[in-house]
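Below: the structure, in structure tokens.
Counting starts at 1 for both ligands and their atoms, following the listed order.
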Amino acid sequence: MTKKTVRDIDLKGKRVLMRVDFNVPVEDKVVKDDTRIAAALPTIQYVLEQGASVILMSHFGRPKDGPDPKYSLKPVAVRLAELLGKPVKMAPDVVGDEVEAMAKALQPGDVMLLENTRFYPGETKNAPDFVDKLAVLGDVYVNDAFGSAHRAHASTVGVAERMPAVAGFLIEKEITFLGKATGDAERPYVVILGGAKVSDKILVIENMLAKADTILIGGGMANTFLKAQGLEMGDSLVEDDVLDTAKALMAKAEGKLVLPVDAVVANAFDNDAIQKVVNVAAVSPGWRILDIGPKTVELYKSKLADARTVVWNGPMGVFEMPNFAKGTFAIAEALATLDAVTIIGGGDSAAAVNQAGVADKVSHVSTGGGASLEFLEGKVLPGVAALNDL
Ligand code: ADP
Ligand code: MG
């Protein structure tokens, strides 16, 4: 970790402008899942304990034309106050005279929440005049919203460039673990890649080929690789337009890429479809691969057995359908038993690990879907780059 965190800076008496991810599910003005709010508490509480006040900002949904009550963060302020056990001052706006007056009046220990930053088009455009108005609110910037760090917005990059800028604990953990995945990982280093499409993950595969010892391929993506090797995939999801890319990746991989040997096929894309296990060379027309098969699970477990670092992105099958979730859950359970640093990236993969009940048995489940993918591609995230170096 080469970036400063809240531990590396004097916060006493400061007004801390903190970017958090409060983009949570809300129904009828009530927060339905407060996981993300709860996740932000350690950094908020730490900053308050140092004698600072906190001004929180977040985006929430995608409002199109300016302020819209449907996209107000008010319900979040209510839930946050309950979790913190202290009042949260809800700002009537994101910026402006009234908000500035409220920010100036904050005392150490006070918490204020700005309205949805996306009420202003200047947020996503990182417009200097909007950044000016945000920046006057605080003395120190803290970013704890990893899921937005791949976007160069006013609240993730613009304000960070105007004042001392440090990482919160969530971003610190993300950079520490994802940094192991892209930096000097302890070997053997095994990467598991799945999900629907090769085309979504070409840059991840290329970057991981340069870092890992072995890459285990599953999910719909495997079909394209198998077809590129000349196998018939029946009615399986195949991306014919990237067959050449798949071939080139395999040539470059020099045996590092491991493909499934068997699969669960179904006669329809339906949880209740008829299913059977077949060799990957025996997928007939009318049938589609919806999961990896039991031999592949055993093969992949054996490849994982002595790993010291494992990164997993992308489910092994259509795990949203319970009848085709076996392969994905078996891999999740295998990871939970390893004596290795185990890192899960990607929104669906995180959901799968949670559903498998092993989220607390792996080293790190990334909270940033798109951000974790860009990190695994080897990209520098603008929201991280904008933070002060140690
Ligand atoms: P993540 O969000 O973890 O990066 P992706 O979004 O790349 O993962 O992939 C997840 C999706 O891939 C899931 O919706 C899953 O149903 C789909 N998928 C996995 N295996 C297959 C398959 N064999 N055929 C079609 N879709 C698949
Ligand atoms: Mg996904």
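Within a 6.0 Å radius of NZ in Lys89, other residues, nucleotides and ligands contribute 12 heavy atoms or fewer.
Pairs of residues two or more places apart, or lying in two chains, that qualify as side-chain hydrogen bond (donor to acceptor under 3.5 Å, both in side chains) and include a residue from residues 133-147 are Thr43-Asp144, Tyr141-Asn143.
Partners of Arg187 according to the salt bridge (charged side-chain N to carboxylate O under 4.0 Å, His left out) rule, which considers only residues two or more places apart in sequence or in another chain, are Asp213.
Protein neighbours of ligand 1 below 4.0 Å, counting non-hydrogen atoms: Gly195, Ala196, Lys201, Gly219, Gly220, Leu237, Ile289, Leu290, Asn313, Gly314, Pro315, Gly317, Val318, Glu320, Gly346, Gly347, Asp348, Ser349.
Looking only at its N/O/S atoms, Asp348 has OD2 as the one nearest to the Mg ion (ligand 2).
Between the CG atom in Asp200 and the CG atom in Leu193 there is a gap of 11.5 Å [rounded to 0.5 Å].
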- Task: Given side chain to side chain contact (heavy atoms under 4.5 Å, CB included), test Ile37 with Val76 step by step and report yes or no.
- Result: CA-CA 8 Å; Ile37 306 174; Val76 172; 3.9 Å; yes
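Val157 belongs to no hydrophobic cluster with other residues, because no ILVMFWY side-chain heavy atom falls under 4.5 Å from its own, directly or through intermediates.
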